[in-house]
Chemist: 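Got a structure for you, questions after.
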Amino acid sequence: MEKILIVDDNPAILDALSLLLEIHGFDVVTASNPFEAIQAVQYQRIALVIQDMNFTADTTSGEEGKELFYALRDINPHLPIILITAWTELSIAVELVKAGAADYLPKPWDDAKLLTCVNNLIELGKAKQQNETFTRHQQERDASVQQANLVGLVYKSTAMEHIVNLAIQVSKSDISVLITGPNGSGKERIAQIIQANSLLADKPFITVNAGALPSELIEAELFGAEAGAYTGITKQRIGRFEAADGGTLFLDEIGNLPLSGQMKLLRILQTGEFERLGSTQTRKVNVRVISATNEDLSHAIKAGQFREDLYYRLNVIELNLPSLAHRPDDILALVAHFLPERTLSLSTEKALLAHSWPGNVRELENACKRAGVLKPTGVIELADFGLQVETNSPTQTRAEPNKQEIELAMREYKGVIAKVARHFGLSRQALYRRLDKFKIEY
């Protein structure tokens, strides 16, 4: 329940406002003079103040209210204050509104108007507090990212920012991480970020494509084999787990590992123990496991293609990478990375943003390599990328454009707000809100 402070020297006013606000669900604190008001704000969590401007008999200058206003603002600069009086000079009210007063209401007040003003200010205060909390957390995350080793990862989207922040956070522990997402979306790079920012950064980082292991060689590949354990092996072979001892093992495409391999993998994840193929000696390793897959493992479990107990061993924390089509803010940033100091035509940039990129970052990188070879100098056009892209017509443009699309439209229409708003089917006010949200200059 939000707590509202009412400051007035007239007991009848205090009673009337208290009754009105309490009926509508607010907790009310009253003060009959500036000293009591200052004490209340200093020692209680006050969400809003309604204050009179005069507290001494026969005083109508408003100077007392002015002094109280500034005293309260010194205690809490963000505290909403509504001024209410029958006598104050208008010039003082205007001065205080300019100084940050939330509103100015005359006596006698209109109940409906006062309640609307109070409710709006309470909601605005909550939004500001949430925004400040978010900003503080964002600054803390930004500082963490700035200090982190991102192993060359390029991104601008909030979706990838969220994934990177999580990767950095989980890197400090030794728990198993499952990275999911479509092929080419950057799962291995996220695994490298976890390793690079962990306490195991200087320890082995061994990568194995679990889905590519031949079923008859899975045990030898993962756990090693003694000489003569099978035909063709003439010397001892160290397995991937043993090679990663003390460090990290990255099991890519874990969803394609056959059931026989899953059963053998489960034991070492549970106990850290294994035997080389052809040996009866039990060995023990300490390995952090990061796995990745583009498969829907929940569906594979239901289909009997993936062991549920193994799934929960691998998936203590899951990081799900969205496809490139779902993080369009990364597209042009990646193009600039793959084609440094090169210029693209505006129509080409729009077409690249419209492309669905089924191969994700890998497809984009290959397209950029092709364009760089075919057009070593000059402005790069869409044909140089070798893509079949259908651009959106104005009627097909999404109702909620992203930052990249707005920036391109601002360039295309030379910053003319009316034209850009018409392009997206927005009002100018709606476009201004988005420009402010994305911190785009206009």
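Keep in mind that this is a model prediction, so the values were computed, not measured.
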Chemist: Just grab all the side-chain hydrogen bond (donor to acceptor under 3.5 Å, both in side chains) pairs involving residues 195-214, residues at least two apart or on different chains.
Modeler: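 side-chain hydrogen bond (donor to acceptor under 3.5 Å, both in side chains) check on residues 195-214 returns Q195-T248.
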Chemist: Could you list the residues that satisfy salt bridge (Lys or Arg N to Asp or Glu O under 4.0 Å) with D309, not counting sequence neighbours?
Modeler: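 D309 satisfies salt bridge (Lys or Arg N to Asp or Glu O under 4.0 Å) with R307 only.
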Chemist: Between F250 and F205, what is the ring plane arrangement, given parallel below 30°, perpendicular above 60°, and tilted in between?
Modeler: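 Because their plane-to-plane angle is under 30°, the rings of F250 and F205 count as parallel.
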Chemist: I'd like to check the side-chain hydrogen bond (donor to acceptor under 3.5 Å, both in side chains) partners of K369; sequence neighbours left out, ordered by chain and number.
Modeler: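 K369 satisfies side-chain hydrogen bond (donor to acceptor under 3.5 Å, both in side chains) with no other residue.
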Chemist: Would you call D330 and R327 a salt bridge, taking side-chain N to carboxylate O under 4.0 Å as the test?
Modeler: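 A salt bridge is present here (some side-chain N lies under 4.0 Å from a carboxylate O).
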Chemist: Return yes if some donor-acceptor pair links the side-chain N/O of N315 with the main-chain N/O of L178 below 3.5 Å, else return no.
Modeler: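 It does not hold such a pair.
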Chemist: For residues 38-50, which residue pairs qualify under side-chain hydrogen bond (donor to acceptor under 3.5 Å, both in side chains), counting only residues two or more places apart or in two chains?
Modeler: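 Listed once each, the pairs are K3-Q44.
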Chemist: More than 12 heavy atoms of other residues, nucleotides or ligands under 6.0 Å from NZ of K439: is that the case?
Modeler: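 Check fails, neighbour count at 12 or below.
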Chemist: Using a distance-only test with no angle check, is there a side-chain donor-acceptor pair under 3.5 angstrom linking N320 and T180?
Modeler: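 Yes, because at least one side-chain N or O of N320 sits under 3.5 Å from a partner of the opposite role on T180.
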Chemist: Do the charged groups of R237 and E221 touch, with an N to O distance under 4.0 Å?
Modeler: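 Result for this pair is yes, salt bridge flagged.
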Chemist: Test: side-chain hydrogen bond (donor to acceptor under 3.5 Å, both in side chains). Region: residues 114-123. Which pairs qualify, not counting sequence neighbours?
Modeler: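 Counting only pairs at least two positions apart or across chains, no side-chain hydrogen bond (donor to acceptor under 3.5 Å, both in side chains) contact touches residues 114-123.
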Chemist: Suppose we screen for salt bridge (Lys or Arg N to Asp or Glu O under 4.0 Å). Which residues come up paired with R288, at least two apart in sequence or across chains?
Modeler: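 R288: no salt bridge (Lys or Arg N to Asp or Glu O under 4.0 Å) contacts found.
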Chemist: Is there a donor-acceptor pair under 3.5 Å between the side chain of R342 and the backbone N or O of G378?
Modeler: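 Looks like yes, one N/O pair under 3.5 Å.
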Chemist: Which pairs would a plain distance check flag for residues 294-306, meaning a side-chain donor or acceptor within less than 3.5 Å of a matching protein atom at least two apart in sequence or in another chain?
Modeler:
residue, atom, partner, partner atom, Å
N294, ND2, N183, OD1, 3.2
D296, OD1, S298, N, 3.1
D296, OD1, H299, N, 3.3

Chemist: Under the salt bridge (charged side-chain N to carboxylate O under 4.0 Å, His left out) definition, can you give me all pairs with a residue in residues 407-416, not counting sequence neighbours?
Modeler: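 Non-adjacent pairs meeting salt bridge (charged side-chain N to carboxylate O under 4.0 Å, His left out): E349-R411, K350-E412.
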Chemist: Which pairs, with at least one residue in residues 267-282 and sequence neighbours excluded, count as a salt bridge (charged side-chain N to carboxylate O under 4.0 Å, His left out)?
Modeler: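 Listed by first then second residue: E226-R276, E242-R276, R267-E273, R267-E275.
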Chemist: Applying side-chain hydrogen bond (donor to acceptor under 3.5 Å, both in side chains), can you list everything that pairs with D110, at least two apart in sequence or on another chain?
Modeler: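 Residues passing side-chain hydrogen bond (donor to acceptor under 3.5 Å, both in side chains) with D110: none at all.
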Chemist: My understanding is that only one of I290, L166, V170 makes a side-chain contact (heavy atoms from CB on, under 4.5 Å) with I317; could you say which?
Modeler: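 Only one of I290, L166, V170 forms a side-chain contact (heavy atoms from CB on, under 4.5 Å) with I317, namely V170.
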Chemist: What residue among V7, L114, I81 forms side-chain contact (heavy atoms from CB on, under 4.5 Å) with I50?
Modeler: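 Of all the options given, the one that passes is L114.
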Chemist: Which residues satisfy the side chain to side chain contact (heavy atoms under 4.5 Å, CB included) test with A409, sequence neighbours excluded?
Modeler: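 A409 satisfies side chain to side chain contact (heavy atoms under 4.5 Å, CB included) with Y413, V420, H423, F424 once adjacent residues are dropped.
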Chemist: My understanding is that only residues two or more places apart in sequence, or in another chain, count here; which of them pass salt bridge (Lys or Arg N to Asp or Glu O under 4.0 Å) with D384?
Modeler: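 So D384 forms a salt bridge (Lys or Arg N to Asp or Glu O under 4.0 Å) with K375.
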Chemist: Just do the side chain to side chain donor-acceptor pair (under 3.5 Å) check on S185 and N360 with the steps written out, would you?
Modeler: CA-CA 5 Å; S185 57; N360 294 289; 5.5 Å; no
